[in-house]
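Below is one structure, written out as structure tokens, with a few remarks after it.
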Amino acid sequence: QVQLVESGGGLVQTGGSLRLSCVASGRSLSTYAMGWFRQAPGKEREFVVNIIFNGGTDYADSVKGRFTISRDNAKNTVYLQMNSLKPEDSAVYYCAAKPLLAGRNPREYRYWGQGTQVTVSS
């Protein structure tokens with residue numbers, strides 16, 4: 001049983017930055033793959049980035065070079081640093097976790113946070 005809570009969303013202008021946090025409780029995430037996904041109104045939930053237990057990462061092409069994922073296993077926390085934000089980045093961002101294996105398919109992830117809204121104004 002894992003509980004995830006995201007925070008850090010907000011309103012920012014184009015080109016600005018936000019840092020999202022996801023704090024886990026219930027179990028250590030040291031052996032979990034962690035992912036960030038996002039969903040805009042009327043759209044499918046889409047993959048943003050994931051990170052596995054050894055620090056390996058996989059980024060969607062749309063965010064490469066702008067977003068950075070990191071994890072602090074001692075604090076059971078994963079972060080998403082978002083720079084050079086664009087209006088098309090506006091969405092609810094969700095943190096998710098799955099044991100051991102990484103993946104891009106949101107259906108593979110067992111645990112989800114409640115989401116945090118990111119809005120980028122033009």
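Since the structure is predicted, the reported quantities are computational estimates derived from the model, not experimental observations.
- Taking the side-chain hydrogen bond (donor to acceptor under 3.5 Å, both in side chains) definition, one finds that Ser28 meets it with Ser30, sequence neighbours left out.
- Here the CE-CG distance, from Met34 to Leu80, works out to 11.5 Å after rounding to the nearest 0.5 Å.
- One side chain, Gln3 or Ser25, offers a donor N or O that lies under 3.5 Å from an acceptor on the other.
- Residues passing the salt bridge (Lys or Arg N to Asp or Glu O under 4.0 Å) test with Lys43, sequence neighbours excluded: none.
- Screening residues 65-79 for salt bridge (Lys or Arg N to Asp or Glu O under 4.0 Å) gives Arg66-Asp89 as the qualifying pairs, with residues at least two apart or on separate chains.
- Across all their heavy atoms, Pro87 and Ser122 have their closest contact at CG-CB, 4.0 Å.
- For the salt bridge (Lys or Arg N to Asp or Glu O under 4.0 Å) condition, no pair includes a residue of residues 2-30, sequence neighbours left out.
- Checked by atom type and distance alone, the side chain of Thr14 pairs as donor or acceptor with a backbone atom of Ser121 at under 3.5 Å.
- Between the Thr77 side chain and the Val23 main chain, no donor and acceptor come within less than 3.5 Å of each other.
- Here the closest non-hydrogen pair linking Asn83 and Ser17 is OD1-OG, 2.8 Å.
- With a 6.0 Å radius and a threshold of 12 heavy atoms from other residues, nucleotides or ligands, Glu88 has its CD atom above the threshold.
- Pairs passing the salt bridge (Lys or Arg N to Asp or Glu O under 4.0 Å) check and including a residue from residues 113-122, sequence neighbours excluded, do not occur.
- For Asn105, there are no side-chain hydrogen bond (donor to acceptor under 3.5 Å, both in side chains) partners at least two apart in sequence or on another chain.
- Here the CG atom belonging to Asn76 is positioned 4.0 Å from the CG atom belonging to Leu29, to the nearest 0.5 angstrom.
- Judged purely by atom type and a 3.5 angstrom limit, Thr116 has no side-chain atom pairing as donor or acceptor with the backbone of Ser7.
- For residues 56-96, no pair satisfies ring-ring contact (aromatic ring centres under 6.0 Å, His included), with sequence neighbours left out.
- To the nearest 0.5 Å, atom OG of residue Ser90 and atom CG of residue Leu11 are 8.5 Å apart.
- Every salt bridge (Lys or Arg N to Asp or Glu O under 4.0 Å) that Arg104 has, sequence neighbours left out, goes to Asp58.
- Atom CE of Met82 is separated from atom OG1 of Thr68 by 11.0 Å, given to the nearest 0.5 angstrom.
- Contacts of Tyr111 classified as ring pair (Phe, Tyr, Trp, His ring centres under 6.0 Å), with partners at least two apart in sequence or in another chain: none.
- Val118 and Gly9 make their closest contact through CG2-CA, 4.2 Å (heavy atoms, listed as atom of the first residue, atom of the second, distance).
- Taking each heavy atom of Cys95 and Leu4 in turn, the nearest pair found is O-CD1, 3.7 Å.
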Kindly determine whether Val78 and Leu20 satisfy side chain to side chain contact (heavy atoms under 4.5 Å, CB included), including the steps that lead there. CA-CA 8 Å; Val78 63; Leu20 307 183; over 6 Å; no
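- Every residue two or more places apart in sequence or in another chain that forms a side-chain contact (heavy atoms from CB on, under 4.5 Å) with Thr31 is listed here: Leu100.
- Applying the ring pair (Phe, Tyr, Trp, His ring centres under 6.0 Å) test between Tyr109 and each of Trp36, Phe37, Tyr32, Phe47 identifies Phe37 as the sole match.
- Cluster annotation: Ile52 is not connected to Trp112 through the hydrophobic network of ILVMFWY side chains, with a link wherever side-chain heavy atoms come within less than 4.5 Å.
- A donor-acceptor distance shorter than 3.5 angstrom exists from the side chain of Asn50 to the backbone of Gly103, with no hydrogens or angles considered.
- Under the side-chain contact (heavy atoms from CB on, under 4.5 Å) criterion, Gln117 pairs with Val92, Thr119, sequence neighbours left out.
- Sorted by first and then second residue, the salt bridge (Lys or Arg N to Asp or Glu O under 4.0 Å) pairs with a member in residues 46-55 read Arg38-Glu46; sequence neighbours excluded.
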